[in-house]
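In what follows, chains are A, B, ... by sequence order, proteins preceding strands, each numbered from 1.
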Amino acid sequence: MPLLEVSGLSKAFGDNTVLRDISFSLDRGQVLSLIGSSGSGKTTLLRCLNFLEQPDGGRIAVDGRTVFDATATQKLSRAQRRENQLTFGLVFQSFNLFPQYTVMRNLTLAAELAEKERLRAARASREEIRAACAAVQERALDLLAQVGLSDKAEVYPCDLSGGQCQRAAIARALMLSPQILCFDEPTSALDPELTGEVLRVIRALRSDERTMIIVTHEMEFARHVSDKIIFMADGVIAEAGSPDELFGAPQSEKLRAFLAHSRHGEEA
Amino acid sequence: MNFFEILALLGNGCLVSLSVFLLTLLFALPLGLLICFGRMARFRPLSVLFRFYISVMRGTPLMLQLFVVYYGPYYLFRIRLSELGSNWLFLAVIIGFTLNYAAYFAEIYRAGISAMSAGQYEAARVLGMTRSQTFFLIILPQVFRNILPALGNEIITLVKDTSIAFAIGLIEMFTRAKLLASEQVSLLPYLVAGCIYYFFNLAVSFTLSQAEKRLSRYRIK
């Protein structure tokens with residue numbers, strides 16, 4: 001059974017239909033890259049998966065559990081909504097780190113709040129809560145080491161480079177152990193010389209058998225890191241398949257044109 | 001009568017001014033946030049109501065508002081002011097100042113909140129934070145930092161505005177200075193009062209700049 005199943009997803013902003021009947025599935029540990037020109041709907045699709053936009057139609061299921069169904073009538077409880085939300089993690093194009101907190105606090109804040117809430121509901125003792133917070137701290141340190149920012153734990157985001165910010169943001173998204181980690185053009189806001197370090201970190205995560213969805217304009221990266229590529233055009237999936245299929249033998253005229261364009265660096 | 005004798009006589013009034021200042025801040029800062037929420041509410045009638053409130057509070061003189069609050073119970077409900085106890089005068093001043101300043105603070109908060117990028121809300125949301133956690137832990141600290149200079153302006157104005165309380169007869173510093181001046185036939189009491197206001201504001205400015213310095217250990221990119 002696939003880990004993620006999206007079926008018939010659609011979304012419109014007013015009269016403007018941005019997504020039309022999007023269906024695909026993804027297995028555990030797979031990496032999916034969403035490519036396509038600006039305005040093709042790939043970022044909206046990612047935002048729908050992360051509940052930042054409400055789709056107008058369709059269904060999203062993770063691990064056999066429905067996390068979104070446009071036809072559902074009953075309202076979800078806050079706890080259910082939160083659980084669904086945390087099934088996905090999202091790394092933003094512009095990092096969106098919290099500027100008033102250190103890198104460490106950026107990582108631990110949400111995780112600590114969630115742990116405290118959970119333990120308080122279970123009437124845990126103060127010692128247990130303290131131990132849980134210590135575990136969160138430890139986990140944050142591990143993740144910072146993983147993204148190469150051990151020495152930046154107590155630094156504020158304003159004193160980091162763009163690449164370091166994005167690596168911190170990746171570690172923050174990993175703190176809550178999402179089943180599916182999403183990236184929204186993770187290197188588009190970076191200077192060219194800084195994209196390498198971020199792409200290396202993402203590539204290293206792949207070896208951890210994490211399921212990931214990446215919206216990207218880095219075609220070389222998409223080709224090498226992905227198991228599956230979806231090419232979107234005008235709000236629909238124009239073509240989908242393995243990197244070799246899409247990059248080696250593009251079927252549609254649109255994809256051929258898009259690939260030719262990005263090879264000339266116009267899309268980068 | 002020399003400078004220091006006048007200073008001693010003004011001392012009592014000075015304390016009254018200080019309490020008007022501190023109590024107004026204490027109540028108007030949180031009330032302003034609530035008014036701001038009302039003003040920014042998606043439910044239109046509520047937002048219109050608070051917009052009207054703010055426009056009245058900013059569009060009419062504070063002195064007039066103090067009169068309305070002070071004499072309101074009598075004109076509206078025929079309650080004799082003497083029945084309201086000896087503290088009513090002071091209480092009316094605090095209520096009037098709080099209602100007025102909260103309206104100004106609300107607009108400053110609103111400017112700060114509107115300027116926040118959607119990205120901060122979205123980041124908190126995908127991390128599973130609740131709406132109140134997002135507002136109080138992520139948004140408000142940044143808003144506060146950004147609006148501190150504007151807030152500081154109002155706070156300094158408030159120090160000077162406390163003298164308006166004399167209009168309904170509160171014996172604060174300015175009222176005392178006025179009495180002393182006519183008694184002594186001298187400008188000196190006004191001069192001394194002016195000095196006290198000035199140094200009071202110097203202390204307020206210093207505190208504000210310290211707060212700004214503390215908050216600027218980080219920058220908002």
Student: Show every salt bridge (charged side-chain N to carboxylate O under 4.0 Å, His left out) that has at least one partner inside residues 83-103 of chain A, sequence neighbours left out.
Tutor: A:Arg65-A:Glu83

Student: Between A:Phe92 and chain B, which part of the residue has a heavy atom less than 4.5 Å away: side chain, backbone, both or neither?
Tutor: side chain

Student: Which of residues 120-133 of chain B get closer than 4.5 angstrom to chain A, counting heavy atoms alone?
Tutor: B:Gln120, B:Glu122, B:Ala123, B:Ala124, B:Arg125, B:Val126, B:Leu127, B:Gly128, B:Met129, B:Thr130, B:Gln133

Student: Below 4.5 Å from any heavy atom of chain B, which atoms of A:Leu109 appear? Answer side chain, backbone, both or neither.
Tutor: side chain

Student: Quick one: what part of A:Arg47 sits under 4.5 Å from any heavy atom of chain B, side chain, backbone, both or neither?
Tutor: side chain

Student: Could you list which of residues 148-156 of chain B have a heavy atom closer than 4.5 Å to any heavy atom of chain A, in residue-number order?
Tutor: none

Student: Tell me, for A:Gln93 versus chain B, whether the close heavy atoms (under 4.5 Å) come from the side chain, the backbone, both or neither.
Tutor: neither

Student: Of the non-hydrogen atoms in A:Tyr101 and B:Leu137, which two are nearest, and what is the gap between them?
Tutor: OH-O, 2.6 Å

Student: Around A:Phe13, counting heavy atoms of other residues, nucleotides and ligands shown, do more than 12 lie under 6.0 Å from its CZ?
Tutor: yes

Student: Just checking A:Glu138: does its CD atom have more than 12 heavy atoms from other residues, nucleotides or ligands closer to it than 6.0 angstrom?
Tutor: no

Student: Among pairs that include at least one residue of residues 85-97 of chain B, which meet salt bridge (charged side-chain N to carboxylate O under 4.0 Å, His left out), considering only residues two or more places apart or in two chains?
Tutor: none

